Amino acid sequence: MLSLDLVGAFNNISHERLLHILKRKGFLKWLTDFIQSFLTARKTHIKFTGYKSNWIQTQTGIPQGSPLSPILFLFFILDLLEKFQSPNSGTLGFGFIDNTNLITWGDSTVENCRQLEAAHNYYAAWANRHGATFAPKKYQLIHFTRRRRHATTDLASTVRITGCKTAPQKTSMRILGI
């Protein structure tokens, strides 16, 4: 399983793209109008010790802290998750808020890592089209096996993505939502 990290996920969502996705999924006009209103004319400011900026108009992103925001985010990445929802494909994708995970299975971890790299290539192309960015240095990889005696070298298989080598976690990994 490869756990992916989207950089600034909530901050970089295109309002136009999100509304397009919701309309394509059959959301009623009154609901997409409500969401458009929710996203329109938002402002923020930067504040830290001894400093507070003027208000800044935000043209992208969804507000963090709203109960609606995680739901909107999942709709935004729905195409990404739907690509890997068939168990027959050998790879499944699932997400919880802004954490996305890919899981694959096979006869060896070497082959599983190749499948994860191929799935990641699809994810990276999606991110490029949608103005999102993944942070490979924050990725986590873990291998699961039912075999009591598994070749140590096979369990040491890694994933190579954009110059980053993601080594497997030894015993555990935190997966949000599970």
Side-chain angles (χ1 to χ4, degrees), residues 1-15 17-18 21 39 42 44 46-49 56 58-87 89-106 108-145 150 152-178:
M1 183 174 83
L2 180 64
S3 180
L4 310 174
D5 182 71
L6 267 170
V7 177
F10 281 61
N11 299 335
N12 296 316
I13 290 179
S14 160
H15 297 169
R17 181 72 184 152
L18 175 59
I21 291 166
L39 297 172
R42 299 201 71 87
T44 189
I46 300 168
K47 183 178 179 181
F48 54 90
T49 308
I56 304 164
T58 56
Q59 303 300 319
T60 61
I62 52 179
Q64 294 185 34
S66 167
L68 184 57
S69 295
I71 297 164
L72 293 176
F73 178 77
L74 288 175
F75 274 105
F76 183 74
I77 65 166
L78 192 58
D79 288 343
L80 188 59
L81 297 175
E82 284 180 336
K83 169 69 175 169
F84 298 103
Q85 286 306 300
S86 172
S89 72
T91 303
L92 288 175
F94 61 96
F96 183 77
I97 308 191
D98 60 346
N99 293 88
T100 306
N101 301 282
L102 291 165
I103 190 163
T104 189
W105 51 94
S108 74
T109 59
V110 171
E111 179 56 33
N112 290 345
C113 287
R114 274 192 231 124
Q115 284 181 246
L116 290 171
E117 289 168 1
H120 182 273
N121 289 340
Y122 178 86
Y123 274 41
W126 174 91
N128 191 45
R129 285 190 313 275
H130 292 85
T133 306
F134 285 101
K137 290 183 180 181
K138 292 185 177 181
Y139 289 1
Q140 292 185 46
L141 173 70
I142 193 164
H143 301 299
F144 303 105
T145 183
H150 205 288
T152 306
T153 54
D154 190 40
L155 290 177
S157 297
T158 62
V159 174
R160 291 186 185 274
I161 296 167
T162 57
C164 289
K165 180 177 157 184
T166 303
Q169 302 293 311
K170 298 279 187 223
T171 58
S172 66
M173 188 169 85
R174 184 173 179 195
I175 304 166
L176 294 179
I178 298 178

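The model shown is predicted, which means the values in this text are computed figures rather than measured ones. Numbering starts at 1 and runs along the sequence shown.
Rounded to the nearest 0.5 Å, atoms CD (Q85) and CG (L92) are 6.0 Å apart. Note that the CD atom of Q140 and the CG atom of L4 stand 10.5 Å from one another [nearest 0.5 Å]. The distance from the CE atom of M1 to the CG atom of L116 is 10.0 Å, given to the nearest 0.5 Å. The distance from atom CG of D5 to atom CZ of F134, rounded to the nearest 0.5 Å, is 9.0 Å. Between the CD1 atom of I142 and the CG atom of L2 there is a distance of 11.5 Å, given to the nearest 0.5 Å. One finds the CD1 atom of I46 at 4.5 Å from the CD1 atom of I56 (value rounded to the nearest 0.5 Å).
Note on R114 versus E117: no salt bridge recorded, every NZ/NE/NH1/NH2 to OD/OE distance being 4.0 Å or above. Under the 4.0 Å criterion applied to side-chain N and carboxylate O atoms, D79 and R17 are assigned as salt-bridge partners.
Not counting sequence neighbours, the partners of T91 by the side chain to side chain contact (heavy atoms under 4.5 Å, CB included) test are F84, S89, L102, T104, Q115, A119.
Side-chain atoms of I13 and L39, non-hydrogen and from C-beta on, never get closer than 4.5 Å to each other.
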Going through the distances and angles, do H120 and Y139 end up as a side chain to side chain contact (heavy atoms under 4.5 Å, CB included)?
CA-CA 11 Å; H120 182 273; Y139 289 1; 2.6 Å; yes
When you look at S66 and L72, which way does the side chain to side chain contact (heavy atoms under 4.5 Å, CB included) test go after all the steps?
CA-CA 10 Å; S66 167; L72 293 176; over 6 Å; no
Go through the steps to decide whether F73 and L18 satisfy the test side chain to side chain contact (heavy atoms under 4.5 Å, CB included), and finish with yes or no.
CA-CA 8 Å; F73 178 77; L18 175 59; over 6 Å; no
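Using cut-offs of 30° and 60° for the angle between ring planes, the F76 and W126 rings count as perpendicular.
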